[in-house]
J.: 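Sharing a structure with you now.
Computation of the quantities below employed the complete heavy-atom set of this structure, encompassing side-chain atoms and omitting hydrogens, waters and symmetry-equivalent molecules.
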There are 2 protein chains.
Amino acid sequence: MLFITYRKECDLAQHYHLRGRFWIESPQGTFLGQGRVLLLERVQELGSISAAARSMKMSYRQAWGLISQMNSHSPEPLVLSSTGGQGGGGAQLTHVGKRAIQLYHEVLIDFEAFLSQRAQTLKL
Amino acid sequence: MLFITYRKECDLAQHYHLRGRFWIESPQGTFLGQGRVLLLERVQELGSISAAARSMKMSYRQAWGLISQMNSHSPEPLVLSSTGGQGGGGAQLTHVGKRAIQLYHEVLIDFEAFLSQRAQTLKL
DNA sequence: TTGGGTTATTCCTTTTTAAGCATAACGCTA
DNA sequence: TAGCGTTATGCTTAAAAAGGAATAACCCAA
């Protein structure tokens, strides 16, 4: 008897994962991404850039740079900050900043739905 | 008369772009991504890892590392290589490697369609 | 047997990136 | 007025990633 061997189809969904990322770019570079949005959320929650950075184990330097970029790449700032006073100062989101978070999450839901749906038919 | 000023809605689609990437992960890390698939295509086209690397302005070292990873993270290799002989040796894709390219492009088409469609309703 | 071009692999250097440090200004509180 | 915690910014240092150089093995062709 003759056996014809052929490769068994490999179901990628079992052992492999389809992953992805998305971000919004301005003409000057990245405007909104996963890290930036998380940072915005922490600022909104904690009322301070430095506290937000600490909570993410990110250096204040980087956090400030990201926020500075976002503000400058937008016609209106996403974060307003004040120095001195009770607590030393702080920062809060503008309604544009809050809307940016909301917008990102709206896209994120669709994005994840797309990935998980598309992953089901991955046969290598 | 009283004017109530409100922020004009900013159409992100005009000045900003929704971008993204996707890749297939094995339990050990990235398995297939944009760069790896391009490398596979060049190997298929040129019949050599070093030629493929040159054509992408990638170092042979990195190209070899990527291919080595892909092969080891797959139950069957994607690239077969031989040393010595006419032309010094070479490499060619297995049918698993060819299928990987095809699979990636199938997902890519859907992915780009998703992004461009989703970008149309971006209002900040 | 020598040369050529490739695969395969290690080691070291360079570049890029991120983290850390230092300092000044601010404005409330005690 | 002194102190505190924050914002804001430049400069220095460390970590990580990419790049390049070097070497051995391979096998056909001349």
Side-chain angles (χ1 to χ4, degrees), chain A residues 21 23 25 28-31 33-74 76-94 96-97, chain B residues 21 23 25 28-31 33-74 76-94 96-97:
Chain A
R21 285 209 171 180
W23 60 92
E25 275 190 13
Q28 296 98 21
T30 302
F31 173 59
Q34 169 183 278
R36 285 168 158 93
V37 169
L38 180 58
L39 180 62
L40 289 177
E41 289 173 331
R42 295 296 174 89
V43 169
Q44 181 176 34
E45 178 188 349
L46 301 170
S48 148
I49 294 176
S50 64
R54 274 196 304 273
S55 78
M56 295 173 63
K57 289 173 183 169
M58 172 186 285
S59 68
Y60 172 82
R61 188 77 182 62
Q62 184 176 7
W64 172 82
L66 291 175
I67 289 174
S68 176
Q69 267 193 7
M70 284 189 276
N71 279 345
S72 66
H73 293 180
S74 167
E76 293 185 34
L78 285 72
V79 175
L80 294 180
S81 58
S82 64
T83 172
Q86 173 182 3
Q92 57 180 352
L93 265 62
T94 63
V96 178
Chain B
R21 286 208 170 182
W23 60 93
E25 274 190 14
Q28 295 98 20
T30 300
F31 172 61
Q34 170 185 279
R36 285 168 158 92
V37 169
L38 180 58
L39 180 61
L40 289 179
E41 290 172 330
R42 295 295 173 91
V43 169
Q44 181 175 34
E45 179 187 348
L46 301 170
S48 148
I49 295 177
S50 63
R54 274 197 303 273
S55 78
M56 296 174 62
K57 289 173 183 172
M58 172 187 287
S59 69
Y60 172 83
R61 212 176 72 76
Q62 184 175 7
W64 172 82
L66 292 175
I67 289 175
S68 176
Q69 267 193 7
M70 284 189 276
N71 279 346
S72 66
H73 292 181
S74 168
E76 294 185 32
L78 284 73
V79 175
L80 293 180
S81 58
S82 63
T83 172
Q86 173 183 3
Q92 57 181 350
L93 265 61
T94 64
V96 178

J.: Taking the side chain as C-beta and beyond, is there a heavy-atom pair between A:R54 and A:L46 under 4.5 Å?
T.: no
J.: Treating B:R42 as the side-chain partner and B:A53 as the backbone partner, does any N or O pair qualify as donor plus acceptor under 3.5 Å?
T.: no
J.: Both B:S68 and B:R54 contact DNA chain C. Which one's nearest nucleotide lies toward the 5' end?
T.: B:R54
J.: Going 5' to 3' along nucleotides 15-23 of chain C, which nucleotides have protein heavy atoms under 4.0 Å from the base (write B), which only from the sugar-phosphate (write S), and which from neither (write -)?
T.: ----SB---
J.: Identify the 5'-most and 3'-most nucleotides of DNA chain D with at least one atom closer than 4.0 Å to a non-hydrogen atom of chain A.
T.: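 From 5' to 3', the first and last contacting nucleotides are D:dG5 to D:dC11.
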J.: For the side chain of B:S74 and the backbone of B:M70, is there at least one donor-acceptor N/O pair under 3.5 Å apart?
T.: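 Such a contact is absent between B:S74 side chain and B:M70 backbone.
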J.: Do the non-hydrogen side-chain atoms of A:W64 and A:M58 ever get within less than 4.5 Å of each other?
T.: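 They are not in contact (no side-chain heavy atoms under 4.5 Å apart), so the answer is no.
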J.: Report yes or no: does B:T94 contribute a side-chain atom to a donor-acceptor pair with the main-chain N or O of B:P77 at less than 3.5 Å?
T.: yes
J.: Between the two end axes of the helix from C:dT1-D:dA30 to C:dA30-D:dT1, each built from 5 base pairs, what angle do you get to the nearest 10°?
T.: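 For the helix from C:dT1-D:dA30 to C:dA30-D:dT1, the axes at either end differ by 20°.
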J.: From the options A:L66, A:V96, A:L93, A:L39, select the one residue that forms a side-chain contact (heavy atoms from CB on, under 4.5 Å) with A:V79.
T.: A:L93
J.: Quick one: does any side-chain atom of A:N71 pair with a main-chain N or O of A:E76 as donor and acceptor, under 3.5 Å?
T.: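 Side chain of A:N71 to backbone of A:E76, a donor-acceptor pair under 3.5 Å: no, none is there.
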J.: Between B:Q86 and A:A51, who's closer to the 5' end of DNA chain D by nearest nucleotide?
T.: A:A51
J.: How about B:I67 and B:I49: do any of their side-chain heavy atoms sit closer than 4.5 Å?
T.: yes
J.: OP1 or OP2 of C:dT7 sitting under 4.0 Å from any side-chain N/O of B:S50?
T.: yes
J.: Could you tell me if the side chain of A:E25 sits less than 4.5 Å from the side chain of A:F31, heavy atoms only?
T.: no
J.: Can you check whether B:Q44 reaches B:Q92 side chain to side chain, under 4.5 Å on heavy atoms?
T.: no
